[in-house]
Amino acid sequence: NGQYGFVDSQGRLRIANRYDDVRSFCEGLAAIKIRGKWGFINHEDKIAVQPIYEEVTAFRNGLSLVRQKGLSGMIDKNGKQILPTRYEFVKVLPHGNLLIKQANLFGLASSEGNVLINPKYNSLEDLNNDYVIVARDGKYGVITLKGISTIPLIYDFIGYDVFNDYFLAL
């Protein structure tokens, strides 16, 4: 009937076919779609996160990126908002920080949802060494994760040489 559920390895139905769409279990929860909205269930078919989201990602390290009313945020496995759904864009960076975009400007948040750098830059590159290369209005600079300017925003370009641990400025 076009509905989805889950079967075990022997093909026995374990969670009834009553969902509009489903995704695989990850970290003990599976994304399910009901009436056009996504949420999560556990292995006992109990709702773990209410289906109120337009989009969700699988949980990684206990966190899921979600979209609600066209805006992105992040929740934990209990559905608690770690990063409020107020950003145009949220991307998990390789080392765990979150690149956030609001009003077409970029900032940075920690994986705990704390905003480290408010969205006020045209571009931002987290170097994973407590420094961030930022650009605004065509000029580049370097700030710390605490937002302290270490190289002023006056250069046409700044690059970082990871092997020699120094910045190159133009």
Do [X] and [Y] make a side-chain contact, defined as non-hydrogen atoms from C-beta onward lying under 4.5 Å apart?
X: Val132; Y: Ile143; value: yes
X: Phe167; Y: Thr150; value: no
X: Leu98; Y: Tyr87; value: no

What heavy-atom pair brings [X] and [Y] nearest, and what distance separates the two atoms?
X: Ile100; Y: Pro119; answer: CD1-CG, 3.9 Å
X: Gly96; Y: Ser111; answer: O-CB, 3.4 Å
X: Asp20; Y: Gly36; answer: OD2-N, 3.6 Å
X: Cys26; Y: Arg60; answer: SG-NH1, 2.6 Å

Donor-acceptor pair, side chain of Glu54 and main chain of Lys69, under 3.5 angstrom: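 The answer is yes, because a donor-acceptor pair under 3.5 Å joins these two groups.
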Under 3.5 Å donor-acceptor, Asn42 side chain and Glu44 backbone: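 Flag set: sc Asn42 to bb Glu44 pair under 3.5 Å.
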Stepwise side chain to side chain contact (heavy atoms under 4.5 Å, CB included) check, Tyr155 with Val142: CA-CA 10 Å; Tyr155 295 96; Val142 175; over 6 Å; no
Pair Asp126, Tyr131: side-chain N/O donor-acceptor within cut-off below 3.5 Å: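 No, no side-chain donor-acceptor contact under 3.5 Å.
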Drop me the distance from [X]'s [atom1] to [Y]'s [atom2], to the nearest 0.5 angstrom.
X: Leu105; Y: Glu88; atom1: CG; atom2: CD; value: 8.0 Å
X: Phe89; Y: Asn104; atom1: CZ; atom2: CG; value: 11.5 Å
X: Ile158; Y: Leu168; atom1: CD1; atom2: CG; value: 9.5 Å
X: Asp21; Y: Gln3; atom1: CG; atom2: CD; value: 10.0 Å
X: Lys146; Y: Ile148; atom1: NZ; atom2: CD1; value: 7.5 Å
X: Ile133; Y: Glu125; atom1: CD1; atom2: CD; value: 4.5 Å

Residue pair Asp156, Lys139: steps toward the side chain to side chain contact (heavy atoms under 4.5 Å, CB included) verdict: CA-CA 5 Å; Asp156 294 327; Lys139 295 297 179 183; 2.7 Å; yes
Among the clusters formed by ILVMFWY side chains lying less than 4.5 Å apart, do [X] and [Y] turn up in the same one?
X: Val92; Y: Leu63; result: yes
X: Ile32; Y: Tyr4; result: yes
X: Leu124; Y: Leu145; result: yes
X: Val22; Y: Ile47; result: yes
X: Tyr121; Y: Val115; result: no

Exceeds 12 heavy-atom contacts within 6.0 angstrom, atom CZ of Phe25: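 Counting neighbours around CZ of Phe25, more than 12 heavy atoms of other residues, nucleotides or ligands fall under 6.0 Å, so yes.
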More than 12 heavy atoms of other groups within 6.0 Å of Asn61 CG: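 No, because the 6.0 Å sphere around CG of Asn61 holds 12 heavy atoms or fewer from other groups.
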Trace of the side chain to side chain contact (heavy atoms under 4.5 Å, CB included) decision for Ser72 with Glu55: CA-CA 9 Å; Ser72 296; Glu55 295 176 41; over 6 Å; no
Ring center gap for Tyr140 and Phe157 short of 6.0 angstrom: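 Aromatic pair counts; centres sit under 6.0 Å.
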Salt-bridge present (Asp8, Arg12; N to O < 4.0 Å):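 Answer for the salt bridge query: yes.
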Tyr160/Asn129 under side chain to side chain contact (heavy atoms under 4.5 Å, CB included): CA gap, chis, key distance, verdict: CA-CA 11 Å; Tyr160 177 68; Asn129 63 359; 3.3 Å; yes
Other ILVMFWY residues reachable from Leu29 by side-chain steps of under 4.5 Å: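 Leu29 shares its hydrophobic cluster with Trp38, Phe40, Val49, Ile52, Tyr53, Val56, Phe59, Val66, Ile75.
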Test side chain to side chain contact (heavy atoms under 4.5 Å, CB included) applied to Phe106 and Lys101, Lys120, Arg136, the passing residue: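 Only one option passes, and that is Lys101.
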